[in-house]
Amino acid sequence: MNSQSEKHIGYCGVSKSEIFHTLTEDFSDLPLKESFYIHSNQGHIIGAFGFDVDMENRSAEVWGPFTKDNEIASVIWDEAFPEMKKYVDTFSFFVNLENINAIDFMDKIGAKKQGGHITYIVSRHQEKLESIDSSFQEYTPIYRKSFIQLHEETFPNSYYNGEQIIRQLNIYKRLFLWIKDHKVISYVYMEADPLHHEGSIEFVSVCPTYRARGIGKKITTFAINQLFSDDRIHTITICVGDRNENAIGLY
């Protein structure tokens, strides 16, 4: 269902292998059997809800509802919600604008719209971006406090706080900084998924006093080239709020 725009949920992939990998390797702080709820009829799944729970933030990204019948969605939600409330205060939905059934369901349960997002996709086959100087350096703990301060100022209450980004850094999840006078004035956090040939730029920030100097373009271009340096990455996605005019202009 997720490969169809009228049923699409933005948190999920659209290929079976990617969804399976996420569910088995990187889904929820709760066991999978406590994170996914289904409704079946004669052995066939006819409705499903998943909850990607972040225990630290007491939040969950909701996969679903996946069903053609909002009455079934309500039945599953009514069963799952009391259990999830033990661990979760905030439930987030990320729904395609064409997914009318999901939007109607969210209205029914009293969810509040927080805004819209635009997803940009960069393809390896597009014209190669200009080469950017190497003014950026990979994160080191000496800049921990400065990075966290800039991240929290730019993205308060985001799905990853500064500490969470730092904790999960590895060869596929990388953070690059632009330093001036021993302070982080810009950074980019990106994730690579070579198995599914995808990369994503999750966060880009420039200190307010250094904006309108082309730094955002430089660090975004750097991130794109860095991700595409792995030949297994074919596309890169960048998601931005639909009211963030500066970011939209940049991308």
Side-chain angles (χ1 to χ4, degrees), residues 26 29 54-59 61 89-90 92 94 114-122 128-194 198-230 233 235-251:
D26 190 31
D29 290 343
D54 182 335
M55 300 277 279
E56 180 180 347
N57 290 337
R58 291 189 59 84
S59 64
E61 296 178 349
D89 296 325
T90 304
S92 297
F94 196 34
Q114 298 296 305
H117 289 79
I118 300 169
T119 300
Y120 292 90
I121 301 176
V122 184
K128 185 173 177 59
L129 294 167
E130 61 183 291
S131 179
I132 295 295
D133 63 61
S134 55
S135 301
F136 314 101
Q137 62 185 72
E138 198 143 12
Y139 170 82
T140 56
I142 191 174
Y143 297 113
R144 174 181 170 277
K145 183 177 180 180
S146 182
F147 159 69
I148 290 176
Q149 180 179 350
L150 179 56
H151 180 73
E152 303 304 331
E153 288 174 355
T154 310
F155 301 104
N157 306 313
S158 181
Y159 56 95
Y160 289 151
N161 62 36
E163 290 282 6
Q164 289 172 311
I165 290 175
I166 291 170
R167 285 202 302 267
Q168 65 186 4
L169 294 176
N170 57 36
I171 60 172
Y172 297 124
K173 298 179 178 182
R174 304 176 72 183
L175 174 63
F176 286 88
L177 315 173
W178 190 330
I179 306 299
K180 187 174 180 62
D181 297 328
H182 308 290
K183 180 181 178 181
V184 178
I185 64 166
S186 181
Y187 72 86
V188 59
Y189 170 66
M190 52 191 162
E191 298 184 354
D193 183 3
E198 297 175 342
S200 62
I201 296 176
E202 300 289 327
F203 296 102
V204 177
S205 177
V206 179
C207 181
T209 55
Y210 286 88
R211 291 174 186 168
R213 302 186 189 186
I215 296 175
K217 178 182 178 181
K218 287 184 177 181
I219 200 164
T220 304
T221 304
F222 170 82
I224 292 170
N225 287 337
Q226 189 73 31
L227 285 165
F228 278 149
S229 67
D230 185 331
I233 302 298
T235 59
I236 299 169
T237 58
I238 306 171
C239 189
V240 60
D242 60 7
R243 296 181 181 179
N244 190 340
E245 295 181 2
N246 289 336
I248 290 170
L250 168 65
Y251 299 142

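The first residue in the sequence is number 1, and the count goes up from there. These numbers come from the heavy atoms of this one structure, side chains and all, not from hydrogens, waters or symmetry mates.
Expressed to the nearest 0.5 Å, how far CH2 of Trp178 lies from CD1 of Ile215 amounts to 5.0 Å. Distance check, rounded to the nearest 0.5 Å: CD1 of Ile236 to CG of Leu227 gives 4.5 Å. Of the inter-residue distances, the one linking His151 atom NE2 with Phe203 atom CZ reads 4.5 Å to the nearest 0.5 angstrom. A distance of 8.0 Å separates CD in Glu138 from CG in Leu175, rounded to the nearest 0.5 Å. Taking CD1 of Ile148 as the start and OH of Tyr187 as the end, the distance is 10.5 Å to the nearest 0.5 Å.
Taking every heavy atom of both residues into account, Tyr139 and Leu169 meet most closely at CD2-CD1, 3.7 Å. Looking at every heavy atom in both residues, Arg174 comes nearest to Ile171 through CD-O, 3.5 Å. When all heavy atoms of Glu56 and Asn161 are compared, the closest pair comes out as OE2-ND2, 4.1 Å. Listed here is the closest heavy atom pair of Val188 and Ala223: CG2-CB, 3.7 Å. When all heavy atoms are compared, the tightest approach of Leu177 to Tyr143 is CD1-CB, 3.8 Å. Considering all non-hydrogen atoms of both residues, Glu191 and Lys173 come closest at CG-CG, 3.9 Å.
Looking at Ile179 and Val184, their side chains come closer than 4.5 Å, going by heavy atoms from C-beta outward. Residues Lys183 and Gln149 are not in side-chain contact: their nearest non-hydrogen atoms beyond the backbone lie 4.5 Å or more apart. Looking at Asp54 and Gln164, their side chains come closer than 4.5 Å, going by heavy atoms from C-beta outward. Two residues are said to be in side-chain contact when any heavy atoms from C-beta on lie closer than 4.5 Å; Tyr120 and Ile248 meet this criterion. Two residues are said to be in side-chain contact when any heavy atoms from C-beta on lie closer than 4.5 Å; Ile166 and Phe147 meet this criterion. At least one side-chain heavy atom of Cys239 sits less than 4.5 Å from a side-chain heavy atom of Phe94. Proximity of Tyr251 to Ile118: side-chain heavy atoms (C-beta onward) are nowhere separated by under 4.5 Å. Put simply, the side chain of Lys217 reaches to within 4.5 Å of the side chain of Leu250, judged on heavy atoms.
Looking at residues two or more places apart in sequence or on another chain, you find no salt bridge (charged side-chain N to carboxylate O under 4.0 Å, His left out) involving Glu152. Under the ring pair (Phe, Tyr, Trp, His ring centres under 6.0 Å) criterion, Tyr160 pairs with no residue at all, not counting sequence neighbours.
In this structure, the ring of Phe176 has its center no less than 6.0 angstrom from the ring center of Phe136.
Partner Ile201 forms a side chain to side chain contact (heavy atoms under 4.5 Å, CB included) with one of Thr220, Val240, Thr237 and no other, that one being Thr220.
Within the structure, salt bridge (Lys or Arg N to Asp or Glu O under 4.0 Å) contacts touching residues 238-250 (residues at least two apart or in different chains) do not occur.
At distances below 3.5 Å, not a single donor-acceptor pair connects side-chain atoms of Ser205 with backbone N or O atoms of Ser186.
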| query | Val122 and Phe228: side chain to side chain contact (heavy atoms under 4.5 Å, CB included), yes or no, with the steps? | reply | CA-CA 10 Å; Val122 184; Phe228 278 149; 4.0 Å; yes
